[in-house]
Amino acid sequence: MSIKFNPILGTLYVVVATVLLRVSDAQGGRKGAIVGGWNPITNLSDPEVVEIGKFAIDEHNKEAKTKLGFQKITKGESQVVAGINYRLVISAKDGDSPPHNYLAEVWDKPWEKFRNLTSFRECSIENVEQQCMFTN
């Protein structure tokens with residue numbers, strides 16, 4: 001009796017492993033991530049996280065017909081769902097004005113090459129910390 005390789009199951013295992021590795025990388029290798037729960041992103045300069053932040057600014061610019069320029073990510077967390085939700089506080093400039101903080105949420109499914117900006121709003125100057133707080 002021989003064991004036969006099922007290519008569909010093999011592909012499924014590779015996809016699941018890839019998603020789990022990407023989640024680990026996006027969280028700076030943080031161990032003990034809770035599926036469905038929000039977890040802090042420890043490496044805000046990770047190229048994948050920066051790419052998500054730039055995507056959020058670009059999509060907002062298209063939707064709102066603005067010209068915000070990405071500066072940096074100041075805070076972030078991720079959530080494992082059917083893909084990964086990212087919640088980021090992004091510093092961005094509009095022309096020569098000083099940078100403002102924006103709270104953006106992006107849903108990413110890298111194995112499908114799908115990315116969607118689900119929320120984007122400016123944090124008020126008066127209460128930046130309160131306006132950009134994450135709520136679970």
Side-chain angles (χ1 to χ4, degrees):
M1 180 172 119
S2 66
I3 298 174
K4 293 184 179 178
F5 176 75
N6 184 333
I8 294 173
L9 281 177
T11 302
L12 179 62
Y13 290 137
V14 170
V15 168
V16 169
T18 302
V19 169
L20 291 175
L21 288 172
R22 284 196 170 270
V23 169
S24 177
D25 288 345
Q27 295 174 347
R30 183 176 191 269
K31 292 182 173 40
I34 301 169
V35 175
W38 288 97
N39 296 290
I41 298 172
T42 55
N43 183 2
L44 298 175
S45 60
D46 179 279
E48 176 97 13
V49 176
V50 171
E51 181 182 324
I52 296 287
K54 289 179 177 179
F55 168 82
I57 294 293
D58 290 344
E59 285 300 299
H60 172 74
N61 284 340
K62 288 179 200 171
E63 292 172 10
K65 295 182 177 34
T66 58
K67 294 184 180 182
L68 293 177
F70 177 87
Q71 298 293 297
K72 65 180 180 177
I73 297 171
T74 60
K75 193 174 178 183
E77 57 187 5
S78 63
Q79 176 188 43
V80 178
V81 289
I84 306 170
N85 280 329
Y86 291 90
R87 190 182 289 158
L88 305 172
V89 176
I90 303 168
S91 177
K93 288 177 68 170
D94 187 4
D96 292 332
S97 68
H100 290 135
N101 287 325
Y102 299 86
L103 181 61
E105 291 190 22
V106 175
W107 180 25
D108 188 40
K109 294 195 284 185
W111 65 94
E112 290 183 8
K113 294 185 169 66
F114 172 86
R115 194 171 279 169
N116 184 43
L117 178 64
T118 56
S119 175
F120 192 94
R121 66 178 171 83
E122 183 175 5
C123 302
S124 74
I125 300 293
E126 298 81 38
N127 295 317
V128 171
E129 282 303 311
Q130 189 175 16
Q131 294 289 323
C132 283
M133 287 186 65
F134 299 145
T135 56
N136 293 334

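Counting from 1, the numbers follow the sequence of the chain as shown. In this text the structure is predicted, and so the values were computed from the model without any measurement.
The distance from the NZ atom of K75 to the CD1 atom of I90 is 13.5 Å, given to the nearest 0.5 Å. Considering CG of L88 and OG of S119, their distance stands at 11.0 Å, rounded to 0.5 Å. Here the straight-line distance linking atom CD of E122 with atom CG of L68 works out to 8.5 Å at 0.5 Å rounding. For the atom pair CD1 of I84 and CD of E48, the computed distance is 7.0 Å after rounding to the nearest 0.5 Å. For the atom pair NE2 of H60 and CZ of F120, the computed distance is 4.5 Å after rounding to the nearest 0.5 Å. Taking OH from Y86 and CH2 from W38, the interatomic distance works out to 10.5 Å, rounded to the nearest 0.5 Å.
Here L44 pairs with I41, I73 under the side-chain contact (heavy atoms from CB on, under 4.5 Å) rule; sequence neighbours left out. Under the side-chain hydrogen bond (donor to acceptor under 3.5 Å, both in side chains) criterion, T66 pairs with N61, not counting sequence neighbours. Listed by chain and residue number, nothing satisfies the side-chain hydrogen bond (donor to acceptor under 3.5 Å, both in side chains) test with S97 (two or more places apart in sequence, or in another chain). With sequence neighbours left out, N116 forms a side-chain contact (heavy atoms from CB on, under 4.5 Å) with F114, T118.
Listed by first then second residue, pairs satisfying salt bridge (Lys or Arg N to Asp or Glu O under 4.0 Å) with a partner in residues 59-71 read E59-K62, not counting sequence neighbours.
Heavy atoms only, all atoms of each residue included: Q71 and P99 are closest at CG-CB, 4.4 Å.
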Ignoring hydrogens and angles, write down the donor-acceptor pairs under 3.5 Å from the side chains of residues 102-110, residues two or more places apart or on other chains.
| residue | atom | partner | partner atom | Å |
| --- | --- | --- | --- | --- |
| E105 | OE2 | R87 | NE | 3.2 |
| W107 | NE1 | A82 | O | 3.0 |
| D108 | OD1 | R115 | NE | 3.1 |
| K109 | NZ | E112 | OE1 | 3.3 |

Check: What do the steps show when you test V50 against F70 for side chain to side chain contact (heavy atoms under 4.5 Å, CB included), and what is the final call?
Finding: CA-CA 9 Å; V50 171; F70 177 87; 4.1 Å; yes
